[in-house]
2 protein chains.
Amino acid sequence: MKVTINDIAKAAGVAKSTVSKVLNDAPSISLATKRRVRQVMSDMNYTPSSIATQLARKSSFNIGLLVDMSRRDDFLNQFFYNIIGGVESVIGPQGYELTLCNMNNHDHELLMNRFVLNKRVDGFILDTSLLTPQLAESFNQVQFPFLAIGELPGYSEMSWVDIDNHKGAELLTEHLIFQGYRRIAFLGGESGEPIWSNRISGYKKALLNHSMSVVDSYMQPGYSNVETGCKLMQDLLELPPRPMPLYA
Amino acid sequence: MKVTINDIAKAAGVAKSTVSKVLNDAPSISLATKRRVRQVMSDMNYTPSSIATQLARKSSFNIGLLVDMSRRDDFLNQFFYNIIGGVESVIGPQGYELTLCNMNNHDHELLMNRFVLNKRVDGFILDTSLLTPQLAESFNQVQFPFLAIGELPGYSEMSWVDIDNHKGAELLTEHLIFQGYRRIAFLGGESGEPIWSNRISGYKKALLNHSMSVVDSYMQPGYSNVETGCKLMQDLLELPPRPMPLYA
DNA sequence: TTGAAAGCGCTACCAA
DNA sequence: TTGGTAGCGCTTTCAA
């Protein structure tokens with residue numbers, strides 16, 4: 001049978017509350033006792049049960065990463081990979097683990113029961129594409145912490161992180177301008193979404209800053225995958241004055 | 001405050017053990033009681049705490065998927081994506097969740113403490129590339145269930161699943177033969193690993209079955225990524241009698 | 001500085 | 001068919 005905190009207490013001749021304090025390195029315990037108890041722990045190969053700790057502390061020490069496993073494109077990309085690795089690298093050292101939460105069917109109630117209400121995870125990280133104002137509202141109602149990747153237009157009662165899409169697009173556009181390009185197009189990003197409007201505004205800003213005109217047909221939104229990119233580019237190349245370097 | 005099993009018991013006028021039985025749909029409870037208790041549960045918006053259940057049942061209801069997050073290539077591919085989705089689709093409905101376990105540094109002891117000994121997960125699923133006989137031995141010593149994807153040569157005290165690499169390679173080779181190809185090469189798979197030997201044996205079998213000779217220089221092992229594939233193919237194309245269709 | 005005891009919210013055994 | 005009760009293995013007051 002697994003050795004528990006009671007076994008350690010007995011073996012070390014202290015109360016289990018003392019063992020618990022040693023476990024958490026409480027300042028009230030003398031160094032001598034700590035050393036002795038720790039010795040016993042390692043002698044007996046003791047590892048505290050995380051589940052018992054979770055119950056006592058009322059926290060699962062689990063962060064949920066919400067994903068829609070049926071959407072392959074959102075899943076199989078560098079970006080998502082970096083998210084997982086990044087999240088793990090900060091929560092791991094803090095004693096938290098990463099639970100992958102499937103939101104396949106977009107059933108909010110199921111989601112709330114399966115992970116939130118039953119305390120399976122302590123908080124969610126999710127891409128804005130999975131978040132609706134209603135869902136955010138559900139989280140807020142039970143005071144459940146969540147963090148969105150990307151902003152949710154029209155809903156401000158939440159935290160989100162993102163790269164500076166406006167600035168990024170501006171820098172990128174400026175870079176091309178400095179290279180001497182004059183007819184610069186912008187493809188991708190879904191219209192209506194902040195990612196599109198922010199990038200487009202940065203793009204426009206750079207153009208205007210350099211006294212260049214904004215050509216409507218050079219700006220085409222579209223879902224970010226290979227097929228759409230390919231199609232948009234073909235459309236672009238068929239425009240009468242097609243985008244090209246100044247000295248082409 | 002969160003409503004617990006005690007609140008339900010009180011409100012429904014039954015013992016909490018009865019509520020627990022209703023929760024688990026025990027056959028010993030009368031339909032009438034079940035209905036009544038369930039009504040109270042939904043009236044009070046009750047969701048059982050998964051952590052308490054875990055402690056009482058001594059199971060975390062968590063399956064760990066062991067990955068090395070520093071190995072991008074193993075992570076960002078269709079295969080891995082399918083594993084995650086596949087695993088989730090079977091464990092989810094059974095009440096289990098998927099925990100992504102990072103084995104970045106390949107520290108066995110850390111791994112054992114962080115997930116196994118403290119009961120953070122009930123079992124592991126891992127690719128053979130992460131498994132060593134020593135690690136498998138550690139798992140077995142504490143009777144910890146694990147399932148490998150791919151076989152571990154030289155170690156049999158474990159369960160593993162894999163596709164039939166031998167048969168697959170045989171069918172593939174045969175297919176080419178039927179198309180009329182006569183100089184067929186085989187690239188990829190790491191030498192020494194079952195995936196390579198099994199596929200190669202299927203490849204050879206097909207060739208021999210059709211009275212074709214096996215050319216050593218046509219068989220090149222190599223790590224499965226784009227760069228290696230590219231290089232191997234270039235090498236291949238420079239062989240004196242290079243692989244080609246019969247009627248080229 | 002240490003210990004006793006009361007939880008945390010369930011399950012499971014044994015009676016009733 | 002239901003209830004009482006003793007855990008599961010920790011944490012956390014509150015005393016000593």
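Below, all heavy atoms of this structure are taken into account, side chains as well, without hydrogens, waters or symmetry copies. Chain naming here is simple, since letters A, B, ... match the order of the sequence lines and numbering starts at 1 in each.
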Discussion item. Please report the interatomic distance CD1(A:Ile195) to CD1(A:Ile200), rounded to the nearest 0.5 Å.
Written reply: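 Answer for the CD1-CD1 pair, A:Ile195 versus A:Ile200, is 12.0 Å.
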Worksheet entry | Atom pair CG (A:Asn102) and CG (A:Leu66), whose distance is rounded to the nearest 0.5 Å |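 Answer for the CG-CG pair, A:Asn102 versus A:Leu66, is 8.5 Å.
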With heavy atoms under 4.0 Å as the rule, sort [X] into base, sugar-phosphate or nothing.
X	value
A:Val14	sugar-phosphate
B:Thr4	sugar-phosphate
B:Thr33	sugar-phosphate
B:Thr53	sugar-phosphate
A:Ser17	base

Roughly, in whole Å, what's the span from [atom1] in [X] to [atom2] in [N]?
X	N	atom1	atom2	value
B:Gln54	C:dC10	CD	P	12 Å
A:Phe61	D:dC10	CZ	C1'	11 Å
B:Arg57	D:dG7	CZ	C1'	15 Å
A:Lys58	C:dG9	NZ	C1'	9 Å
A:Asn6	D:dC10	CG	P	8 Å
B:Tyr46	C:dG9	OH	P	10 Å
B:Lys10	D:dG3	NZ	P	14 Å
B:Leu23	D:dT2	CG	C1'	16 Å

Worksheet item: Looking just at side-chain N and O atoms, do A:His166 and A:Ser201 make a donor-acceptor pair shorter than 3.5 Å?
Response: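 Side-chain D/A pair, A:His166 to A:Ser201: present.
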Closest nucleotide among [options] to the [X] side chain:
X	options	answer
A:Thr18	C:dG3, D:dC10, C:dT1	C:dG3
A:Pro48	C:dG3, D:dC10, C:dC13	D:dC10
B:Ala52	C:dT11, C:dT1, C:dG9	C:dG9
B:Ser49	D:dT12, C:dG9, C:dG7	C:dG9
B:Ala15	C:dT1, D:dC10, D:dG4	D:dG4
B:Leu55	C:dC10, C:dG9, D:dT2	C:dG9
A:Ile5	C:dT11, C:dT2, D:dT11	D:dT11

Worksheet entry | Pairs meeting criterion ring-ring contact (aromatic ring centres under 6.0 Å, His included) with involvement of residues 26-69 of chain B, two or more places apart |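 Pairs touching residues 26-69 of chain B that pass the test: B:Phe61-B:Tyr96.
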Worksheet item: Can we say A:Arg38 and A:Asp25 salt-bridge, meaning some charged N sits less than 4.0 Å from an Asp/Glu carboxylate O?
Response: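 Looking at A:Arg38 and A:Asp25, the cut-off is met.
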Worksheet item: Are any of the side-chain nitrogens in A:Glu97 or A:Arg120 under 4.0 Å away from the carboxylate oxygens of its partner?
Response: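 No, A:Glu97 and A:Arg120 are not salt-bridged.
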Discussion item. Tell me whether the side-chain N/O atoms of A:Asn24 come closer than 4.0 Å to OP1 or OP2 in D:dT11.
Written reply: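 Checking A:Asn24 against D:dT11: at least one side-chain N or O falls below 4.0 Å of OP1 or OP2.
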Worksheet item: Given D:dT1, is OP1 or OP2 found less than 4.0 Å from the side-chain N or O atoms of B:Ser30?
Response: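 Checking D:dT1 against B:Ser30, no side-chain N or O comes under 4.0 Å of OP1 or OP2.
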Worksheet item: Between the axis at one end of the helix from C:dT1-D:dA16 to C:dA16-D:dT1 and the axis at the other (five pairs apiece), what's the angle to 10 degrees?
Response: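 The angle separating the two end axes equals 40°.
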Discussion item. On DNA chain C, does the nearest nucleotide to A:Lys21 precede the nearest nucleotide to A:Lys16 from the 5' side, or the other way round? Give the residue.
Written reply: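 Its nearest nucleotide being more 5', the pick is A:Lys21.
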Item to complete: Could you check A:Phe124, A:Tyr155, A:Phe139 and say which one makes a ring-ring contact (aromatic ring centres under 6.0 Å, His included) with A:Phe146?
Response: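 With A:Phe146 as partner, A:Phe124, A:Tyr155, A:Phe139 yield a single ring-ring contact (aromatic ring centres under 6.0 Å, His included), made by A:Phe139.
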Fill in: Centroid-centroid under 6.0 Å between B:Trp196 and B:Tyr203 rings
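Here the rings of B:Tyr203 and B:Trp196 have centres that are no less than 6.0 Å from each other.
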